[in-house]
Amino acid sequence: MAFIHVLCNRRAIIGVGFVLAAFGSTTMASAMVYDEAVDGDISGDRLVPTSRQLDLGSNLLTATSVRDDREYIHFHLGNGLRLEQLILKAYAGEDQLAFIAVQAGSVFTEPHQGTDPANLLGYSHFGPGNLTVGTDILDDMGQGPGSMGFTPPLTGDDYTFWIQQTGTNAVTYTFDFVVTPEPATMFALAGGALALVRRRRK
């Protein structure tokens, strides 16, 4: 009986471990959340942005930008989820830098000219010009000078991004919006797995 008790406890621990590992992994899932080549041009209207849901795991966005082609895209995060990283996966084009900013909410309140950075949650430049290809730029955005600022992850429900490249030569970029569960969600799921194992043991 003691052996069976130990074996069950080991199974419970292993089960919880699998849950934590699965939900703690940023590569759990991968999906193309938006591809301009397939889905059409992202909205250039800051008050009526393109809207998409961010799901757990890897959410890819690919778009092309050039002067006067601004992208405004609103993302909704489900309950218990947070935006952990924003990785610049790829960047192609002669212009070496582009711009990205974020506000909380489902619209972008600031105009593209006369922007008041104090009303931005954060912003940054990205591209080969500042060696950000292949890196997480969410923390850079949180340190945008004069902005509200933030420390990743982003845990609210709704965020709207403004992405722009002002040169005359188009650039194409791919971002990975990496979404993970909030700790309370992850441990609640682990607790549920442990309770299930205990019920089965009884």
Side-chain angles (χ1 to χ4, degrees), residues 25-46 49-52 54-75 77 82-104 108 110-154 159-180:
S25 171
T26 58
T27 58
M28 179 184 170
S30 181
M32 180 62 73
V33 68
Y34 204 95
D35 184 350
E36 279 195 330
V38 176
D39 302 312
D41 193 33
I42 293 174
S43 175
D45 187 341
R46 61 188 175 87
T50 298
S51 188
R52 287 292 187 272
L54 289 179
D55 294 321
L56 185 65
S58 175
N59 299 266
L60 301 177
L61 177 148
T62 296
T64 297
S65 183
V66 70
R67 180 176 294 175
D68 297 325
D69 177 24
R70 289 170 287 278
E71 280 95 40
Y72 293 100
I73 186 161
H74 156 242
F75 289 116
L77 282 164
R82 63 187 188 177
L83 180 59
E84 187 81 30
Q85 294 180 306
L86 178 55
I87 300 172
L88 178 59
K89 300 283 285 186
Y91 187 105
E94 293 184 20
D95 195 305
Q96 296 292 288
L97 280 176
F99 172 82
I100 184 169
V102 63
Q103 285 187 315
F108 207 92
E110 283 297 302
H112 70 279
Q113 292 182 330
T115 306
D116 184 353
N119 293 325
L120 304 179
L121 186 58
Y123 69 91
S124 182
H125 289 87
F126 65 92
N130 61 356
L131 304 178
T132 51
V133 179
T135 71
D136 172 21
I137 69 165
L138 194 60
D139 53 347
D140 298 330
M141 294 182 69
Q143 298 175 34
S147 69
M148 297 177 190
F150 63 89
T151 299
L154 292 176
Y159 294 97
T160 300
F161 289 80
W162 162 29
I163 310 173
Q164 182 174 3
Q165 190 275 114
T166 59
T168 57
N169 296 305
V171 300
T172 299
Y173 55 85
T174 297
F175 278 117
D176 185 358
F177 293 78
V178 180
V179 175
T180 62

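Just so you know, these numbers come straight off a predicted model, no measurement behind them. Numbers for residues simply follow the sequence, beginning at 1.
- For Arg46, there are no salt bridge (charged side-chain N to carboxylate O under 4.0 Å, His left out) partners two or more places apart in sequence or in a different chain.
- Checked by atom type and distance alone, the side chain of Glu110 pairs as donor or acceptor with a backbone atom of Asp116 at under 3.5 Å.
- Rounding to the nearest 0.5 angstrom, the gap separating the CG atom in Leu154 from the CG atom in Leu77 is 8.0 Å.
- Of the inter-residue distances, the one linking Tyr91 atom OH with Thr172 atom OG1 reads 9.5 Å to the nearest 0.5 angstrom.
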Apply side-chain contact (heavy atoms from CB on, under 4.5 Å) to Asp41 and Glu36, showing your working.
CA-CA 5 Å; Asp41 193 33; Glu36 279 195 330; 2.8 Å; yes

Starting from the C-alpha separation in whole Å, work towards a yes-or-no answer on side-chain contact (heavy atoms from CB on, under 4.5 Å) for Ile163 and Ile42.
CA-CA 10 Å; Ile163 310 173; Ile42 293 174; over 6 Å; no

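- Side-chain rings of Phe175 and Phe126 approach one another, their centers coming within less than 6.0 Å.
- Side-chain atoms of Glu71 and Tyr173 include a donor-acceptor pair closer than 3.5 Å.
- A distance of 12.0 Å separates CD1 in Ile100 from CD in Gln164, rounded to the nearest 0.5 Å.
- Asn59 approaches Asp176 most closely through the heavy-atom pair N-OD1, 3.1 Å.
- Listed here is the closest heavy atom pair of Lys89 and Val133: O-CG1, 4.2 Å.
- Here the closest non-hydrogen pair linking Glu84 and Thr180 is OE1-OG1, 2.9 Å.
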Evaluate the criterion side-chain contact (heavy atoms from CB on, under 4.5 Å) for residue pair Tyr159 and Leu121; output intermediate values, then yes/no.
CA-CA 10 Å; Tyr159 294 97; Leu121 186 58; 3.7 Å; yes

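- To the nearest 0.5 angstrom, Arg52 atom CZ is 11.5 Å from His74 atom NE2.
- Using bins of under 30°, 30° to 60° and over 60° for the plane-to-plane angle, the ring pair Phe108/Tyr72 lands in the tilted bin.
- Minimum heavy-atom separation, Gly93 to Val171: CA-CG1, 3.8 Å.
- Contacts of His125 classified as ring pair (Phe, Tyr, Trp, His ring centres under 6.0 Å), with partners at least two apart in sequence or in another chain: Phe99.
- The backbone N or O of Gly167 sits less than 3.5 Å from a side-chain atom of Gln165, completing a donor-acceptor pair.
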Review item, side-chain donor-acceptor pairs of residues 142-153, under 3.5 Å, at least two apart:
residue, atom, partner, partner atom, Å
Ser147, OG, Gly144, O, 2.7
Ser147, OG, Gly149, N, 3.4

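- The two residues Tyr123 and Pro117 have their closest heavy-atom pair at CE2-CB, 4.1 Å.
- Counting only N and O atoms by type, the side chains of Ser43 and Asp45 include no donor and acceptor under 3.5 Å apart.
- To the nearest 0.5 Å, atoms CZ (Arg67) and OG1 (Thr166) are separated by 6.5 Å.
- The backbone N or O of Val178 lies less than 3.5 Å from no partner atom in the side chain of Ser58, so there is not a single donor-acceptor pair.
- Across all their heavy atoms, Leu83 and Val179 have their closest contact at CD1-CG2, 4.3 Å.
- A distance of 9.5 Å separates CG in Asp39 from OG1 in Thr50, rounded to the nearest 0.5 Å.
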